[in-house]
Amino acid sequence: MVFQPVHPLTFLARLLPGSEGVGTTPGLAVGTVMLLLAVSLPFNRLVPARERIVWTATIVLTMLSLQIRITHEIWHGFDAPNGSPYRQAFVVAGLLVIVGWISWSAGIRTVLTVAAPMGAVLVLYVLSWDVRSTTRATHLVVPVLVVVALGAWFLSRSPRWVRRGAAAVLVAAVFVEVSLSSVAIDERRSKILSAKAPWGAEHTALRSLVTSAADWPTYRTAPGAEQTVNDPMLIGGQGPQYYSSTMPDRVSQQLLDLGFGYSSYGRALVDPRNPVVDAIFAIRSRVVGRLERYDVPPLVTVRPATAWSSSDPGPFGAQESALGADVYTVPRVRTENGHVLLASCAPGSEIWFAAPEFVGSVLVAGRGWVVNLSAKVKSPGVYAGAPMLRVGTVGADGVAAVPIRLSPRATLPSSPIGCLDRSRLATAVHTLTPPSPPAVDVSGHAIRIRLHPSDTSASLVIATIRIEGWRCSVDNGPAHTPDNRAGLLAVPLPAGASTVSCTYHPPGLIPGLASGALTVLVLVAAAALSLVRHTAGGATSSSRRAVA
């Protein structure tokens with residue numbers, strides 16, 4: 001994102017609870033009570049002057065760094081994040097909690113220490129009444145919490161049971177403030193961000209369709225994206241469409257190479273609903289308003305030891321290599337009048353258009369003009385990319401015609417058209433589908449496969465992206481890093497092999513756990529040493545008093 005500092009009042013208004021900037025302003029709120037304590041530090045003479053000056057200056061400078069372009073960019077490694085440009089705001093919130101605790105620990109004794117922060121917060125409250133980030137919860141909770149906090153301070157020198165009652169009321173008020181703020185923030189976000197309907201009859205119907213077709217782990221069932229882009233998590237199934245900021249780069253890139261679309265720099269994947277992709281990943285059933293079933297190979301297939309590689313360009317060749325069969329014709333494309341792409345293919349074959357960076361529209365049979373990539377997306381091919389698209393069927397004359405509407409920023413690959421021969425695909429699927437597929441057991445981080453032993457060597461291919469962290473063994477032998485067959489996970493099989501076991505551990509997991517355990521040990525040792533010293537010092541003091 002291009003950084004633009006916000007108005008100072010808008011910026012400071014985010015210190016108040018219940019405020020919501022929906023990704024446009026920094027979230028600095030730590031609650032009214034903690035804000036009052038933090039603002040009290042500069043006025044609290046029970047805290048040494050040097051501490052007050054250093055902490056106050058640190059917070060002021062840190063807040064200013066959020067508003068100055070160069071320091072804002074330094075916070076983010078010169079790569080301002082998409083969505084919310086103020087990911088560093090939690091540092092300010094953390095500093096406010098620290099100084100609030102320092103002031104509270106020292107004691108809130110004088111009228112100035114109470115009146116000054118209350119006056120400052122109330123002034124900000126009044127000035128921020130109409131700021132766009134302020135919500136109804138802000139209007140309600142701030143004055144109530146100020147009054148409750150003031151009452152608790154007045155009762156701080158009362159009998160113990162009164163002090164405890166005041167503390168309980170204060171804690172309860174803080175919980176109420178948090179709850180009301182959360183409700184107000186969610187309400188505000190739902191009006192700006194895409195809010196989805198709560199679970200209802202449609203969700204239940206989709207879940208029933210997915211459940212009725214469930215055949216995992218032999219085959220996958222794709223729920224589509226009828227409700228959200230994360231329907232595999234919401235509805236169930238094993239679909240390929242996700243939005244995740246933790247998607248491994250290798251997974252995203254491999255799927256894009258196979259013809260998937262994407263947005264948010266690859267964090268959100270778009271399923272091309274392509275029959276070859278379905279065959280590669282064992283997607284036997286798919287929900288598209290109704291349940292559709294396909295003939296596909298199982299999740300685990302046994303293939304020749306030597307991999308076959310396609311010479312076709314783009315996603316067409318990548319799909320063929322992953323499938324292990326030639327199913328596309330990728331013809332030379334010519335342009336007619338600058339608005340129609342023409343190519344020669346076998347009559348009856350399906351026409352697929354693959355141009356992830358093409359900004360424009362394509363005429364699709366039975367659907368009319370379909371936007372391939374909107375001109376509004378920024379940096380075509382970087383921020384967003386279009387999935388493969390079926391546009392029609394080759395006529396009896398063998399001509400594949402694809403009308404397009406160009407935009408000034410249009411970019412077409414050299415081979416944007418592939419003609420899919422369904423009969424060749426059916427042959428490939430039949431070849432990879434044995435009468436009795438391997439028995440597969442899948443857990444969270446492991447897969448175990450029982451095979452029918454063969455007299456020849458082969459390669460076992462699992463329909464999942466091969467990323468770092470996988471280790472596989474054959475017949476309980478030593479574990480090795482699996483092979484990469486056109487992006488898929490593959491394990492060489494010697495003659496007579498009967499079992500294969502693969503496990504996944506995130507790279508760096510063991511060193512990370514070891515360093516974490518070492519840190520805990522150091523902290524425990526330091527605490528134990530401090531306790532021993534404290535105990536020894538107390539014993540020495542007691543001995544001295546006894547002698548005296």
Side-chain angles (χ1 to χ4, degrees), residues 6-7 9-39 63 66 81-97 100-101 117-118 120-152 165-204 227-231 233-235 243-245:
V6 299
H7 189 276
L9 180 59
T10 302
F11 182 88
L12 293 174
R14 291 306 312 277
L15 289 166
L16 299 177
S19 60
E20 170 50 51
V22 195
T24 59
T25 54
L28 306 174
V30 292
T32 302
V33 174
M34 188 55 71
L35 180 60
L36 290 171
L37 292 174
V39 179
M63 293 178 71
L66 272 65
N82 175 58
S84 174
Y86 290 99
R87 305 295 174 94
Q88 76 278 41
F90 78 94
V91 176
V92 176
L95 292 174
L96 292 173
V97 172
W101 180 256
M118 286 188 174
V121 170
L122 289 175
V123 168
L124 177 61
Y125 169 76
V126 172
L127 294 177
S128 304
W129 185 270
D130 291 326
V131 172
R132 66 176 183 271
S133 62
T134 302
T135 66
R136 291 178 296 176
T138 308
H139 295 158
L140 174 64
V141 300
V142 172
V144 172
L145 266 293
V146 168
V147 171
V148 172
L150 182 60
V169 171
L170 184 60
V171 170
V174 169
F175 275 103
V176 171
E177 178 186 70
V178 171
S179 301
L180 293 178
S181 297
S182 299
V183 171
I185 289 169
D186 285 344
E187 183 182 12
R188 177 68 62 85
R189 287 177 176 171
S190 67
K191 295 178 180 178
I192 299 174
L193 302 177
S194 55
K196 301 297 182 180
W199 189 279
E202 188 173 357
H203 297 80
T204 302
Q227 299 298 320
T228 73
V229 294
N230 281 327
D231 268 5
M233 289 190 287
L234 178 69
I235 302 298
Y243 181 105
S244 172
S245 294

- Query: So, do Val176 and Val144 sit near enough that their side-chain heavy atoms are less than 4.5 Å apart?
  - Reply: no
- Query: Quick one: are Ser19 and Thr135 in side-chain contact, heavy atoms under 4.5 Å?
  - Reply: no
- Message: So Thr32 and Val148, do their side chains get closer than 4.5 Å, heavy atoms only?
- Response: no
- Considering residues at least two apart in sequence or located in another chain, which fulfil the side chain to side chain contact (heavy atoms under 4.5 Å, CB included) criterion with Leu150? Val114, Met118, Trp153, Phe154
- Message: When you compare the side chain of Leu37 with that of Leu96, does any pair of heavy atoms fall below 4.5 Å?
- Response: no
- Query: Going by heavy atoms in the side chains, are Arg136 and Leu180 under 4.5 Å from each other?
  - Reply: no
- Side-chain heavy-atom pair Leu9, Ser128 within 4.5 angstrom cut-off: yes
- Message: Does anything in residues 12-27 form a salt bridge (Lys or Arg N to Asp or Glu O under 4.0 Å)? List the pairs, not counting sequence neighbours.
- Response: Glu20-Arg189
- Note on the structure: For Tyr243 and Asn230 the tightest heavy-atom approach is N-OD1, 2.8 Å
- Note on the structure: With sequence neighbours left out, the residues meeting salt bridge (charged side-chain N to carboxylate O under 4.0 Å, His left out) with Glu202 are none
- Can you find a pair of side-chain heavy atoms, one from Pro26 and one from Val92, that are under 4.5 Å apart? no
- With no hydrogens and no angle check, do the side chains of Trp129 and Thr134 hold a donor and an acceptor under 3.5 Å apart? no
- Measure the shortest side-chain to side-chain distance between Phe11 and Met63 over non-hydrogen atoms and say whether it is less than 4.5 angstrom. yes
